[in-house]
Amino acid sequence: MLPLSLLSAAQNKPMLVELKNGETFNGHLVNCDNFMNITLREVYQTSADGDRFWKLKECYIRGSTVTCAQIKYLRVPDTLLDSVKEEQARAREASRSARGAGPGSRGGPCLYFHALPRI
Amino acid sequence: MSSLQGYIDRRVLLVLQDGRAIVGVLAGFDQKSNIVVSDCRERVYSLDEGVDEIPLGLYLVKGDMIALIGEIDDAIDQAVDPSTIRAEPITPIRY
């Protein structure tokens, strides 16, 4: 499971994001991108020493400042996990056949494999 | 080519640049060494009491904060009683 697929699957879920300076942001994930830039809503910001708190309606966090994200109570449905895995397998397959399909190549053994019935 | 693929679904120890030690099951990684660890716990070392384990749950750690990833030998790990370990905490990296 790719970290970014997990993050995008965590949309609208509560999470805690910690920055490199130690500040933490506790809120619901609104959106994220490939740089791990993140928008959160209903945020509780905590200072690095943990003695000051702020409440923010919404905030944007640049991905490069993030240390880690604790994803709380994230329930990834099994079907989603499977579809992420299948997606990754497809991507691997595509890159392999793109490399292997030179002139005179028969397309690689994967085509044959796909034709086999599932047991 | 070095890869983390062989560590998938194994228990690993992450040491972060701020000196934290996190153990958990490696669930995924990407090109930038961003890491997904499930069932993870932070191990807090100190000189005057045993190792404290703080449960953290599912974590996504950014690759640029990771100093070290190592596989844990479960048999050896379980043979050690953490309450008997006294160790100085790892100091954070300063630039």
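We name chains A, B, ... by the order of the sequence lines, and we start the count at 1 in each one. Values reported hereafter were calculated over all heavy atoms of this structure, with side chains retained and with hydrogens, waters and symmetry mates removed.
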Chemist: Hydrogens and angles aside, do Y95(B) and Q17(B) bring a side-chain donor and acceptor to less than 3.5 Å of each other?
Modeler: yes
Chemist: Do you know which of V61(B), I35(B), L60(B), D30(B) has the most heavy-atom pairs with chain A at a distance under 4.5 angstrom?
Modeler: L60(B)
Chemist: With no hydrogens and no angle check, is any side-chain donor or acceptor of S5(A) less than 3.5 Å from a backbone partner on M1(A)?
Modeler: no
Chemist: Whether the side chain of N37(A) engages the backbone of G63(A) through a donor-acceptor N/O pair (distance < 3.5 Å, no angle test) should be reported.
Modeler: yes
Chemist: Treat each ILVMFWY residue as a node, draw an edge where side-chain heavy atoms are under 4.5 Å apart, and state whether V36(B) and F35(A) are in one component.
Modeler: no
Chemist: Which atoms of F29(B) are under 4.5 Å from chain A, going by heavy atoms: the side chain, the backbone, both sets, or neither?
Modeler: backbone
Chemist: Could you tell me which of V17(A), V66(A), L4(A), L7(A) has the largest number of non-hydrogen atom pairs under 4.5 Å with chain B?
Modeler: V66(A)
Chemist: Could you have a look at L16(B), D18(B), N34(B), I8(B) and say which one has the most heavy-atom pairs with chain A under 4.5 angstrom?
Modeler: N34(B)
Chemist: Pick from D64(B), V37(B), I66(B): which one has the most heavy-atom pairs with chain A under 4.5 Å?
Modeler: D64(B)
Chemist: Please report the C-alpha distance between R43(B) and D77(B) in whole Å, then the side-chain angles of each, then the deciding distance to 0.1 Å, and finally whether the salt bridge (charged side-chain N to carboxylate O under 4.0 Å, His left out) criterion is met.
Modeler: CA-CA 13 Å; R43(B) 286 192 176 161; D77(B) 194 51; 3.0 Å; yes
